[in-house]
Amino acid sequence: DAGITQSPRYKITETGRQVTLMCHQTWSHSYMFWYRQDLGHGLRLIYYSAAADITDKGEVPDGYVVSRSKTENFPLTLESATRSQTSVYFCASRAGLASYEQYFGPGTRLTVT
Amino acid sequence: DQQVKQNSPSLSVQEGRISILNCDYTNSMFDYFLWYKKYPAEGPTFLISISSIKDKNEDGRFTVFLNKSAKHLSLHIVPSQPGDSAVYFCAASASSGGSNYKLTFGKGTLLTVNP
């Protein structure tokens, strides 16, 4: 199906473990984003990518790593998970600078125990 | 420093009546505004947007009003339906200043439409 997908949808991991959240889009959008949603904070930008091999930090990047070797994929890695990274993570994409709308995936609920 | 503020965490209205969701911003560089709707266990979905060159944009039951001098925008839903019950996020972007890729979101308002 066309669109933007995230996997897994739910993940429980232990403190100190490495975990990777996957994001895949079929629109060939240039821009991709990772957000986290927490109670009382709304949506906060973690990292974004303007194109393959171009990534940059957002508002809350500490503890996260991203890569973008292909236009359609934008994985987010928590190198050593902490309880404060328990959250719902959303991936989004945007066609280009002429279009402001971002299109979101269904989210990954991550629990760090 | 919260640049986009949605001061009402929740709003409850009766089916058929008008829902008005409010959003304030502090950054005068913002010139494009969007509203997203989010159901539980789903990602946010784009609803409606407005450029700062306009003061109103309408799409069916949804109308967004922008008051630049007050740095305020509002989303009107008329008539409200139970299926409109969701969290609504206001977002803003600046087309200049090197951050035109970025959306800054408010914390959201939970709208409940009662049958």
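Chain letters run A, B, ... following the sequence lines, proteins first and then strands; every chain starts at 1. Since we're looking at a predicted model, the values are computed, not measured. The basis for the numbers below is simple: all heavy atoms, side chains too, and nothing from hydrogens, waters or symmetry mates.
- Taking the centre and axis of the six-membered ring of A/Tyr100, the NZ or CZ atom of A/Arg94 falls inside the cone set by 45° and 6.0 Å.
- Taking Ile, Leu, Val, Met, Phe, Trp and Tyr as members and joining any whose side-chain heavy atoms lie under 4.5 Å apart, directly or through other members, A/Leu39 forms no hydrophobic cluster with any other residue.
- Annotation: residues 30-44 of chain B contacts chain A through B/Asp31, B/Tyr32, B/Leu34, B/Tyr36, B/Lys38, B/Ala41, B/Glu42, B/Gly43, B/Pro44 [non-hydrogen atoms, separation under 4.5 Å].
- For chain B, no part of A/Gln6 is nearby; none of its heavy atoms comes within less than 4.5 Å.
- A/Arg109 does not touch chain B: none of its heavy atoms, backbone or side chain, sits under 4.5 Å away.
- For a heavy-atom cut-off of 4.5 Å, chain A lies close to no residue in residues 55-66 of chain B.
- The nearest pair of heavy atoms linking A/Pro8 to A/Thr108 is O-OG1, 2.5 Å.
- Taking all atoms of both residues into account, the shortest heavy-atom contact from B/Thr109 to B/Ser8 is OG1-O, 2.7 Å.
- Of all heavy-atom pairs between B/Gly16 and B/Pro79, the closest is O-CB, 3.5 Å.
- For residues 84-92 of chain A, the interface with chain B (any heavy-atom pair closer than 4.5 Å) comprises A/Phe90, sorted by residue number.
- Under the 4.0 Å criterion applied to side-chain N and carboxylate O atoms, A/Arg44 and A/Asp38 are assigned as salt-bridge partners.
- Proximity to chain B is limited to the side chain of A/Leu45, based on heavy atoms less than 4.5 angstrom apart.
- The shortest heavy-atom contact between A/Cys23 and A/Trp34 is CB-CZ2, 3.5 Å.
- With hydrophobic clusters built from ILVMFWY side chains whose heavy atoms lie under 4.5 angstrom apart, A/Tyr31 shares a cluster with B/Leu103.
- Here the shortest heavy-atom pairing between B/Ala70 and B/Asn67 reads N-OD1, 3.0 Å.
- Taking the six-membered ring wherever Trp is involved, the centroid distance between the rings of A/Tyr35 and A/Phe104 falls below 6.0 Å.
- A/Thr77 has its side chain within reach of A/Gln18: a pair of non-hydrogen atoms, C-beta onward, lies under 4.5 Å apart.
- The nearest pair of heavy atoms linking A/Gly16 to A/Ser80 is CA-OG, 3.4 Å.
- Side chain to side chain, A/Tyr48 and A/Arg68 fail the donor-acceptor criterion of an N or O pair below 3.5 Å.
- Tested against B/Val13, the residues B/Asp84, B/Leu111, B/Asn114 include a single side chain to side chain contact (heavy atoms under 4.5 Å, CB included) partner, B/Leu111.
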